[in-house]
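Presented below is the structure to which this report refers.
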2 protein chains.
Amino acid sequence: MEDQKLELVKKPTVNDIARVAGVSLATVDRVLNRRPGVRAVTVQKVQNAIDELGYIRDTAAANLARNRVYNFLFVLPDTDNEFVEALSTQIIEQSRDQFIERTRMTIKKVPPFDPQGIVEFLDAINSRDVDGVAVFGPETPSVRDAVKRVRDKGIPVVALVSDLPSSDRDHFVGVDNVSAGRTAAQLMGRFAHRGGKVLVLTGSRLARDHLERRQGFDLVVAEEFPHLEVVASVEGRDDPELIYNMMPEIFETYPDLVGIYSSAAGNAGLVQFLSESKVVKDLVIIAHELTPLSREALSRGTFDALISQDTGHIVRSAVRLLRATSDTVPFNKAQERIRIDIYLKENLPL
Amino acid sequence: MEDQKLELVKKPTVNDIARVAGVSLATVDRVLNRRPGVRAVTVQKVQNAIDELGYIRDTAAANLARNRVYNFLFVLPDTDNEFVEALSTQIIEQSRDQFIERTRMTIKKVPPFDPQGIVEFLDAINSRDVDGVAVFGPETPSVRDAVKRVRDKGIPVVALVSDLPSSDRDHFVGVDNVSAGRTAAQLMGRFAHRGGKVLVLTGSRLARDHLERRQGFDLVVAEEFPHLEVVASVEGRDDPELIYNMMPEIFETYPDLVGIYSSAAGNAGLVQFLSESKVVKDLVIIAHELTPLSREALSRGTFDALISQDTGHIVRSAVRLLRATSDTVPFNKAQERIRIDIYLKENLPL
DNA sequence: TTGAAAGCGCTACCAG
DNA sequence: CTGGTAGCGCTTTCAA
């Protein structure tokens with residue numbers, strides 16, 4: 001009884017292991033860190049003690065002792081789109097807090113929609129000065145292979161926002177984009193009372209996240225909302241100006257549009273067109289990502305709902321995952337799940 | 001240049017302060033921890049060195065040295081409602097992780113809707129074995145005063161889920177319930193295509209969160225949805241059985257109901273009634289909190305949307321806030337903001 | 001193959 | 001009022 005209480009209150013340390021196993025601290029450490037130069041029998045003795053005592057390593061003390069510093073790299077597309085900007089801002093803002101926790105974050109911007117740029121950069125990474133990489137990029141064969149090569153150097157990699165499943169990345173930090181598209185469709189179907197055509201504004205064929213959203217959107221509209229018809233999607237390349245210029249023709253082709261699902265970036269062009277147009281109104285518009293612009297559009301009623309993902313959460317999660325992978329320690333799965341946020345004008349954060 | 005780089009890479013320690021200030025480690029520690037017995041001039045010297053170096057304390061090392069353990073208490077209503085159960089589960093599950101981080105969590109269940117029970121418990125708390133308290137309870141004058149007394153003992157207190165603003169609690173961990181009600185109303189207004197009466201099912205007049213939701217809901221319906229009329233709300237006391245039994249009479253009184261906003265707990269009674277009733281259908285139902293029951297109801301189409309708050313996040317946030325308050329260190333405001341989650345059947349987490 | 005001892009950044013105790 | 005020193009849990013030389 002007394003014993004049990006003590007074990008609950010005080011957790012075993014390396015000293016306890018050493019005592020129980022009858023070896024020195026140094027040997028315990030060697031076993032703990034899988035370092036060579038210990039006889040199999042000795043390893044076994046120590047391992048037994050560890051199991052028996054239910055030892056859990058104190059990571060904070062370990063990091064203190066080895067004066068460890070984590071160097072993480074964030075590879076982002078070099079566009080001026082608001083979502084990427086929000087991500088960058090988060091990384092920079094969190095740098096201060098993370099610095100205290102012994103982790104340094106660096107942002108590397110590579111040309112957007114350009115697999116080769118990412119590949120070259122990834123290949124130049126050295127395991128001596130980088131402890132982990134977070135990549136937000138397109139899932140092309142070359143990128144996939146480059147990611148594999150990074151991992152082969154022993155450097156953990158997480159995919160950010162847009163998954164790279166075929167690359168064998170350690171983790172994906174972002175939302176299920178098929179579900180995000182489905183969610184948008186459900187809102188569109190419920191909000192659009194009169195029937196008609198719906199347009200999907202997408203970004204690039206190379207971006208896996210955009211494709212998945214479109215796919216999810218189509219499925220739900222087809223299944224549940226026969227009063228709506230999704231027309232051929234338009235590729236806006238996340239470019240506000242391009243989008244702005246395309247809009248008149250779109251409305252000429254589909255004068256009876258009842259809704260737009262803006263599934264990528266470049267919303268500024270859409271908002272500008274809508275604010276200038278006198279004919280277009282009563283459209284249900286669902287867009288992605290909470291940014292200053294989209295927030296404003298939602299508040300004014302230009303947008304009806306936003307599908308979003310929390311950039312602060314994404315960055316924190318990437319760091320925690322990279323750290324856990326680097327230290328080969330477990331992580332809390334529920335905490336790392338990025339939610340598909342729905343914003344209406346009434347639940348906007350302060 | 002070289003210097004600057006070094007400062008960015010290596011942060012100053014107590015040893016640096018001691019050296020620069022020309023005093024011993026012990027004195028630096030005294031100043032750092034505001035302990036008495038140091039001459040004003042000496043304090044000043046040390047303070048100057050601290051400012052000059054831009055010193056930031058390494059909390060992990062400090063906690064290691066003092067072998068600090070945080071003892072936090074969670075005071076929850078002793079009901080079997082699913083939301084409180086989810087909170088308890090989170091606390092228990094997170095206990096394991098938190099244990100590693102030197103913090104112990106204890107749950108204390110007090111009779112629900114009974115301010116006196118909470119008061120007595122709070123008054124018995126001792127600052128020698130408790131380092132922080134998280135309270136989920138009604139905002140009555142007696143509770144408010146009891147919370148104040150706890151804080152007077154130097155113990156940090158956070159309000160959980162339902163705010164206790166008048167009590168001067170250190171922080172509130174939960175959503176803005178007026179906005180939550182507004183959000184529910186917006187969804188109700190958009191989803192309910194035909195006009196008619198809407199019922200609000202509430203919990204208790206004593207619960208601030210329930211009152212606020214109702215208030216927000218009424219405002220938005222009145223402002224934006226003239227086709228809907230909110231009828232006098234019904235108090236279900238979070239009791240499934242009571243709610244189940246009340247439903248027939250409600251539908252007799254309002255045969256033309258088009259929607260129900262279930263703003264509190266006890267959804268099991270509502271779901272059961274709906275599944276048994278042959279007459280009631282095509283109702284828009286918005287409920288609160290993602291639980292196994294509500295999740296199932298949403299998937300089946302019995303519920304149309306859920307307004308929720310992440311219990312995992314709430315518990316983690318409470319712990320971080322209690323710790324930060326206890327150590328008087330800053331915290332990340334954005335990270336601690338609990339979001340008003342909207343769930344449709346398409347964005348349900350795995 | 002193993003152990004002794006110093007040290008990471010910080011706190012606490014005991015002397016002076 | 002101030003300083004020296006041991007020690008928290010862990011890692012890392014350096015010797016043996």
Side-chain angles (χ1 to χ4, degrees), chain A residues 7 9-47 49-50 53-70 99-103 326-329, chain B residues 7 9-47 49-50 53-70 99-103 131 323 326-329:
Chain A
E7 290 201 359
V9 157
K10 238 191 143 342
K11 49 180 193 184
T13 74
V14 276
N15 288 293
D16 298 322
I17 301 176
R19 192 171 27 74
V20 172
V23 298
S24 76
L25 272 186
T27 299
V28 172
D29 187 67
R30 289 186 186 99
V31 176
L32 240 29
N33 295 298
R34 292 172 175 63
R35 270 191 285 264
V38 185
R39 274 187 310 168
V41 266
T42 316
V43 172
Q44 202 42 253
K45 271 197 299 185
V46 175
Q47 197 54 58
I50 291 174
L53 294 173
Y55 172 78
I56 304 170
R57 182 207 234 90
D58 183 333
T59 321
N63 284 341
L64 174 61
R66 59 168 64 155
N67 232 318
R68 194 186 197 326
V69 169
Y70 301 86
F99 187 89
I100 299 175
E101 324 251 69
R102 330 181 85 85
T103 117
S326 185
D327 295 344
T328 54
V329 296
Chain B
E7 289 200 1
V9 157
K10 233 186 148 346
K11 49 180 194 183
T13 73
V14 277
N15 286 293
D16 298 322
I17 301 177
R19 192 172 27 74
V20 171
V23 297
S24 75
L25 271 186
T27 299
V28 172
D29 187 65
R30 288 187 187 99
V31 175
L32 241 28
N33 295 297
R34 291 175 176 61
R35 271 192 284 266
V38 186
R39 274 187 310 167
V41 267
T42 315
V43 172
Q44 202 43 253
K45 272 196 300 187
V46 174
Q47 196 55 57
I50 291 175
L53 294 172
Y55 172 79
I56 304 170
R57 186 207 232 90
D58 183 333
T59 321
N63 284 341
L64 174 62
R66 59 168 66 157
N67 231 316
R68 194 185 196 327
V69 169
Y70 301 86
F99 186 90
I100 299 174
E101 324 250 72
R102 332 181 83 85
T103 116
D131 303 292
R323 238 204 298 224
S326 186
D327 294 345
T328 55
V329 295

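First the proteins, then the strands, lettered A, B, ... as listed; each starts at 1. What you see below is based on every heavy atom in this structure, not just the backbone, and it leaves out hydrogens, waters and symmetry mates.
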(request) Could you state the atom-to-atom distance from CZ of A/Arg34 to C1' of D/dT11 in whole Å? (result) 16 Å
(request) Tell me what A/Ala26 touches on the nucleic acid: a base, only sugar-phosphate, or nothing, going by heavy atoms under 4.0 Å. (result) base
(message) Does C/dA4 have its OP1 or OP2 closer than 4.0 Å to a side-chain nitrogen or oxygen of A/Ser24?
(response) no
(request) Would you mind classifying the nucleic acid contact of B/Val38 as base, sugar-phosphate or nothing, using non-hydrogen atoms under 4.0 angstrom? (result) sugar-phosphate
(request) Dump the intermediate steps for side chain to side chain contact (heavy atoms under 4.5 Å, CB included) on A/Arg57 and A/Asn33, then the final yes or no. (result) CA-CA 11 Å; A/Arg57 182 207 234 90; A/Asn33 295 298; 2.3 Å; yes
(request) Keeping the roles fixed (side chain from A/Lys11, backbone from B/Ile100), state whether a donor-acceptor pair exists under 3.5 Å. (result) yes
(request) Could you state the atom-to-atom distance from CG of B/Leu53 to P of C/dG9 in whole Å? (result) 13 Å
(request) Tell me which of B/Asn67 and B/Val41 sits closer to the 5' end of DNA chain D, going by the nucleotide each one is nearest to. (result) B/Val41
(message) Quick check on C/dA12: is either OP1 or OP2 less than 4.0 Å from any side-chain nitrogen or oxygen of B/Arg35?
(response) yes
(message) On the nucleotide D/dG3, are OP1 or OP2 found under 4.0 Å from the side-chain N or O atoms that B/Thr27 carries?
(response) yes
(message) Under 4.0 Å from OP1 or OP2 of D/dC1: is there any side-chain N or O of B/Arg30 that close?
(response) no
(request) Considering just the side-chain nitrogens and oxygens of B/Asn33, establish if one lies under 4.0 Å of OP1 or OP2 belonging to C/dT11. (result) yes
(message) Can you tell me if B/Thr42 touches the phosphate of D/dT2, counting only side-chain N or O atoms and a distance under 4.0 Å to OP1 or OP2?
(response) yes
(request) Measure from the side-chain N and O atoms of B/Asp29 to the backbone N and O of B/Leu25, and report whether any donor-acceptor pair falls under 3.5 Å. (result) no
(request) Looking at every strand, decide which applies to A/Val23 at a 4.0 Å heavy-atom threshold: base, sugar-phosphate, or nothing. (result) sugar-phosphate
(request) To the nearest Å, give me how far apart CG (B/Asp327) and P (C/dC10) are. (result) 14 Å
(request) With DNA chain D as reference, determine whether B/Leu25 or B/Arg102 sits nearer its 5' end, using the nearest nucleotide of each. (result) B/Leu25
(request) Identify the two heavy atoms, one from B/Ala21 and one from B/Ala49, that lie closest to each other, and give their separation to 0.1 Å. (result) CB-CB, 3.9 Å
(request) Would you kindly give the CG-to-P distance between A/Asn15 and D/dT11, to the nearest whole Å? (result) 12 Å
(message) How many whole angstroms separate atom NZ of A/Lys11 from atom C1' of D/dC8?
(response) 12 Å
(request) Round to the nearest Å and state the distance from B/Asn63 atom CG to C/dG9 atom P. (result) 16 Å
(request) Counting heavy atoms from C-beta on, name the nucleotide in C/dG9, C/dA12, D/dC10 closest to the side chain of A/Thr13. (result) D/dC10
(message) Between P on D/dG3 and CD1 on B/Ile17, what's the gap in Å once rounded to a whole number?
(response) 14 Å
(request) Report the distance from atom NZ of A/Lys45 to atom P of C/dT1, rounded to the nearest whole Å. (result) 14 Å
(message) Quick check against the 3.5 Å criterion: does B/Asn63 have a side-chain atom that pairs as donor or acceptor with the backbone of B/Ala60?
(response) no
(message) If the test is side-chain contact (heavy atoms from CB on, under 4.5 Å), which one of B/Val46, B/Thr27, B/Ile50 qualifies with B/Leu32?
(response) B/Ile50
(message) Looking only at the side chain of A/Asp29 (C-beta and beyond, no hydrogens), which of the listed nucleotides C/dG3, D/dC10, D/dT2 gets closest?
(response) D/dC10
(request) Can you figure out which of D/dT12, C/dG9, D/dC8 approaches the side chain of B/Val14 most closely? (result) C/dG9
